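Small disclaimer: the values here were computed from a predicted structure and weren't measured.
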Amino acid sequence: MVSLIKGSVGILPAGALGVSFFYHLTKELTQVDDEVYFLERQNSSSSQGLKKSGKIAIAALAEDIAANETITYFPTAKILKPDLLSYYKLGVLPEIVLICPNPDQILSIISTAVELLILISEQEELSQTELPFPYLVLSANGIYFQHFRQIFIEKIEEATLFGRLADLWPDIMPRIVSRFLRGVTIQTGVREGNEGNTIYRPGLRGRTQITGGDITSRERCYEILAGKGAWFEVAPNISPTRMEFDKALSNLSTNLLGQLMSIDDEGNFQILTISQILANSDQSKIRELAYHVFKVGQMIKVYGKDENFEVILDQLMETCHAHGSHIPSNLQWIDTKIRLLTLEPKMTSTESWLLEPLIRYAKASELEDSVNYFESLKNQLIEKLTLAKYRNCQILR
């Protein structure tokens, strides 16, 4: 019989965002125990690399990015557990799984979660009063929750169709879906290097709002995660997609516009905090970006027809100013890539999983101006990154 360990958190995988969560959930590495740990992603080469190296290196948070840093090395065997299916077969599961990969890896994790349900069902444990299935909190950046929740349900139905699961309606299925949650986060983190030379640098403690599922699931996750010292909140009673759009506003305003601002016309790069981005930016650019996101959101009923854009814009600026000391993660990423001589002119998954859905929704809504605007942002970003790469090569000659 599987044991769902109360209060435990499995972070999947040990990537930049996941390590930042680990750092703050362990009170800046001062309370590392068996209640917070990493989970392998099935068939992950990076997990294999971490196990081969035998250690996970985490840098202590420093206010000055150029300051000498303290790096703590944790034995991989101590804080990296097997994948969910293998861990279940050992008889244990975490109560919460924080899912933090690149969004294009979430589909495989959902497939693993459905396989886990099948294993639990085979042991006739799905009908227990306390469902032995973890809360799944999707925390990677992007606009995707509604899409992946539907896939989760469809995969369960497919398993039922092929006789791998009994029919879970009407009693058990709602309990399972209520554990499928969204953690909309502004937590940042950077991974530097690869294989045995990887160093993880957590960002400042950032807010994560828990939405989706049902109120009981949200409050239980909040109780555990906030209780361990990380900045988690139960979101207002609005849809996860609405929160993803709100987060897209702040993410694009700081990460994307910040990248465009941090690289000048000669390709020179300077790292900027959010406060510096806001102070130096042309406010009309933030307004233009926010307006196009807002219009797309209205067309798909994320924002109300009569909702006031100026209120949304004021909330965006308030959120950005509240985290003014933060350095956007993608600017940290560029800084790292330049120092390692590995910068390439391409969007990160953060931009891709924000811009591509926005473009798709804008096309479906026949908002041609918005489609052209978002496509232009993509092109500007690639051009700036190309300049930075070329400038870096020149300096090395």
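In this structure, Leu358 and His292 have side chains that are not in contact, with every pair of non-hydrogen atoms separated by 4.5 Å or more. Ile109 places none of its side-chain heavy atoms less than 4.5 Å from the side chain of Leu84. Contact of the His323 side chain with the Leu204 side chain is not registered, since no non-hydrogen atoms from C-beta on lie closer than 4.5 Å. Taking the side chain as every heavy atom from C-beta outward, Ile238 and Thr211 never approach each other to under 4.5 Å. Residues Leu316 and Ser250 meet the side-chain proximity criterion, which asks for heavy atoms closer than 4.5 Å. Two residues are said to be in side-chain contact when any heavy atoms from C-beta on lie closer than 4.5 Å; Phe245 and Thr241 meet this criterion. Phe374 places a side-chain heavy atom less than 4.5 Å from the side chain of Val293. Side chains of Thr72 and Val32 form no contact here, defined as non-hydrogen atoms less than 4.5 Å apart.
Here Phe232 and Phe21 bring their ring centres to under 6.0 angstrom of each other.
Distance alone, capped at 3.5 Å, places no donor-acceptor pair between the Lys337 side chain and the Lys389 backbone. A side-chain donor-acceptor contact under 3.5 Å links Lys27 to the backbone of Lys228. Side chain of Ser121 to main chain of Ile118: no donor-acceptor pair is present (N/O by atom type, distance under 3.5 Å, no hydrogens or angles). Asp83 places a side-chain N or O within donor-acceptor distance of the main-chain N or O of Ser86, the cut-off being under 3.5 Å. Although no hydrogens or angles enter the test, the distance criterion places no donor-acceptor pair under 3.5 Å between the side chain of Glu244 and the main chain of Leu354.
With rounding to the nearest 0.5 Å, the separation of OH in Tyr222 from CD in Gln209 is 12.0 Å. Rounded to the nearest 0.5 Å, atoms CD1 (Ile71) and CD1 (Ile199) are 3.5 Å apart. Between the CD1 atom in Ile58 and the OH atom in Tyr23 there is a gap of 9.0 Å [rounded to 0.5 Å]. Between the CD1 atom in Ile5 and the CG atom in Leu93 there is a gap of 8.5 Å [rounded to 0.5 Å]. In this structure, the separation between CG on Asn237 and CZ on Arg242 is 12.0 Å, given to the nearest 0.5 Å. Note that the CG atom of Leu343 and the CZ atom of Arg391 stand 14.0 Å from one another [nearest 0.5 Å].
If you check the side chains of Ser44 and Ser46, you find a donor sitting under 3.5 Å from an acceptor. Checked by atom type, the side-chain pair Gln42/Glu115 shows no donor-acceptor distance below 3.5 Å. With 3.5 Å as the limit, one finds a donor-acceptor pair spanning the side chains of Glu157 and Trp169. Counting only N and O atoms by type, the side chains of Ser329 and Gln332 include no donor and acceptor under 3.5 Å apart. No donor-acceptor contact under 3.5 angstrom links the side chains of Asn379 and Ser376, judged on distance only.
Salt-bridge check for Glu356 with Lys378: passed, with a basic side-chain N closer than 4.0 Å to an acidic carboxylate O. Glu310 and Arg287 are joined by a salt bridge, as a carboxylate oxygen and a charged side-chain nitrogen come within less than 4.0 angstrom of each other.
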What donor-acceptor contacts under 3.5 angstrom involve side-chain atoms of residues 136-155, with partners at least two apart or in another chain?
| residue | atom | partner | partner atom | Å |
| --- | --- | --- | --- | --- |
| Ser139 | OG | Val137 | O | 3.3 |
| Asn141 | OD1 | Lys247 | NZ | 2.9 |
| Tyr144 | OH | Ala140 | N | 3.2 |
| Tyr144 | OH | Ala140 | O | 2.5 |
| Tyr144 | OH | Arg182 | NH1 | 3.4 |
| Gln150 | NE2 | Glu154 | OE2 | 3.4 |
| Lys155 | NZ | Ser111 | OG | 3.3 |

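Under the 4.5 Å side-chain heavy-atom criterion for ILVMFWY residues, no single connected hydrophobic cluster contains both Val177 and Met243. Hydrophobic clustering, with ILVMFWY side chains joined whenever heavy atoms are under 4.5 angstrom apart, groups Leu4 together with Ile172.
A pairwise comparison of heavy atoms in Val371 and Ala362 identifies CG2-CB, 3.5 Å as the closest pair.
Ring geometry for Phe294 versus Tyr291: interplanar angle of 30 to 60°, hence tilted.
Cation-pi check for Lys81 over Tyr87 is not met; the charged atom does not lie both under 6.0 angstrom from the ring centroid and within 45 degrees of its normal.
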